[in-house]
2 protein chains.
Amino acid sequence: MSNQDCEPLPEGLTAEKAAELSTMFKALGDPVRLRLLSMIASRPGGEVCVCELTPAFDLSQPTISHHLKLLRQAGLVGSERRGTWVYYRLRPETTARMAAALSCVNDRHAVTA
Amino acid sequence: MSNQDCEPLPEGLTAEKAAELSTMFKALGDPVRLRLLSMIASRPGGEVCVCELTPAFDLSQPTISHHLKLLRQAGLVGSERRGTWVYYRLRPETTARMAAALSCVNDRHAVTA
DNA sequence: AGCCAGTATTGACGTATGTCGAACCAGGAC
DNA sequence: GTCCTGGTTCGACATACGTCAATACTGGCT
């Protein structure tokens, strides 16, 4: 993505855009959720069953479920039930938006080179 | 950055890396801090005086100072005092690291196309 | 020195967040 | 139908977070 995606922004992000973006960043502001997203994304098939995610942590299963819910509400992942199991999948549009926002910041700083 | 920057990660980020990265994401998980970073970055000169940042918000001066401190502790900005005023500057290495992490997530998903 | 403007720190407050156990829901197997 | 397994939701708890007013610090000016 080029810095053409950046808005004019004479004084930075609008309050509305900042509020929207900050919810996505907040969702990744927890080590457990960051690892969850990483584990989900690192599957080439793009889908991971909750039963594979839970045992990777020293946390109760409800806690993992809660973190997955937050990731879903932030638009970072989607979930689908198939039979007994629930599968989570990455939403690449959202991570792409976050990466684009960060690139804007760096482009504007003009130290990208 | 290409997906060569991604680690082998058979099962996602390590707990240590996740903890380190999550503090950066958490720092941007607040709309005020996101706007602050955006305002700092959008200065071509790369420096903004605190006295220019504070009046842009309906918040007390100590609150803005607190948010700037968090941004600094997360490695996202640096500060320098010159005379009476304190100037904040972007640390592009940190935002670049965050963008790289997000790109890894998308690359691994193989839906980047 | 003494004062003043710009920042940072402190202490307190209410709210949000992460975690758990317990209870609840969904589907498959019997 | 009754179980059992995999997940979510509920309620409670301790901690962390965002905010403020008050205070302290810093450096220039007179």
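By convention in this document, chain letters (A, B, ...) are assigned in the order of the sequence lines, proteins followed by strands, and residues within each chain are numbered from 1. Computation of the quantities below employed the complete heavy-atom set of this structure, encompassing side-chain atoms and omitting hydrogens, waters and symmetry-equivalent molecules.
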(request) Sequence neighbours left out, what pairs pass side-chain hydrogen bond (donor to acceptor under 3.5 Å, both in side chains) with at least one residue falling in residues 62-71 of chain B? (result) R33(B)-H67(B), S60(B)-T63(B)
(message) Side chain of W85(B), heavy atoms from C-beta onward: which of dG6(C), dG18(C), dC20(D) has the nearest atom to it?
(response) dG6(C)
(message) Walk me through whether S22(B) and D30(A) qualify under side chain to side chain donor-acceptor pair (under 3.5 Å).
(response) CA-CA 5 Å; S22(B) 67; D30(A) 179 280; over 6 Å; no
So does [X] get a side-chain nitrogen or oxygen closer than 4.0 Å to the phosphate oxygens (OP1/OP2) of [N]?
X: Y88(B); N: dA8(C); result: yes
X: K69(A); N: dT9(D); result: yes
X: T63(A); N: dC20(C); result: yes
X: T84(B); N: dG27(D); result: no
X: K26(B); N: dT17(C); result: no
X: S65(B); N: dA8(C); result: yes

(message) Just to be sure I understand the rule, does L68(A) reach a base, reach only the sugar-phosphate, or reach nothing, if contact means heavy atoms closer than 4.0 Å?
(response) nothing
(request) May I ask you to say what L70(B) touches in the nucleic acid, namely base, sugar-phosphate or nothing, with a heavy-atom cut-off under 4.0 Å? (result) sugar-phosphate
(request) Return the 5'-most residue of the pair R82(A), P62(B) with respect to DNA chain C, ranking by each residue's nearest nucleotide. (result) P62(B)
Starting from [atom2] on [N], measure out to [atom1] on [X] and report it in whole angstrom.
X: Q61(B); N: dA22(D); atom1: CD; atom2: P; answer: 14 Å
X: R72(A); N: dT9(D); atom1: CZ; atom2: C1'; answer: 12 Å
X: I64(B); N: dG6(C); atom1: CD1; atom2: P; answer: 16 Å
X: L28(B); N: dG18(D); atom1: CG; atom2: P; answer: 12 Å
X: L71(B); N: dG18(D); atom1: CG; atom2: P; answer: 11 Å
X: Q73(B); N: dT9(C); atom1: CD; atom2: P; answer: 9 Å
X: E80(A); N: dG7(D); atom1: CD; atom2: P; answer: 14 Å
X: H67(B); N: dC20(D); atom1: NE2; atom2: C1'; answer: 12 Å

(request) Taking all non-hydrogen atoms of both residues into account, name the closest pair between L102(B) and M98(A) and its distance. (result) CD1-CB, 3.5 Å
(request) Measure across A18(A) and L13(A) and return the closest heavy-atom pair with its distance rounded to 0.1 Å. (result) CA-CD2, 3.9 Å
(request) Report the residue (R81(A) or H66(A)) whose heavy-atom-nearest nucleotide on DNA chain D is the more 5′ of the two. (result) R81(A)
(request) Answer yes or no on whether R82(A) is positioned over the face of Y87(A), meaning its NZ or CZ is under 6.0 Å from the six-membered ring centre and within 45° of the axis. (result) yes
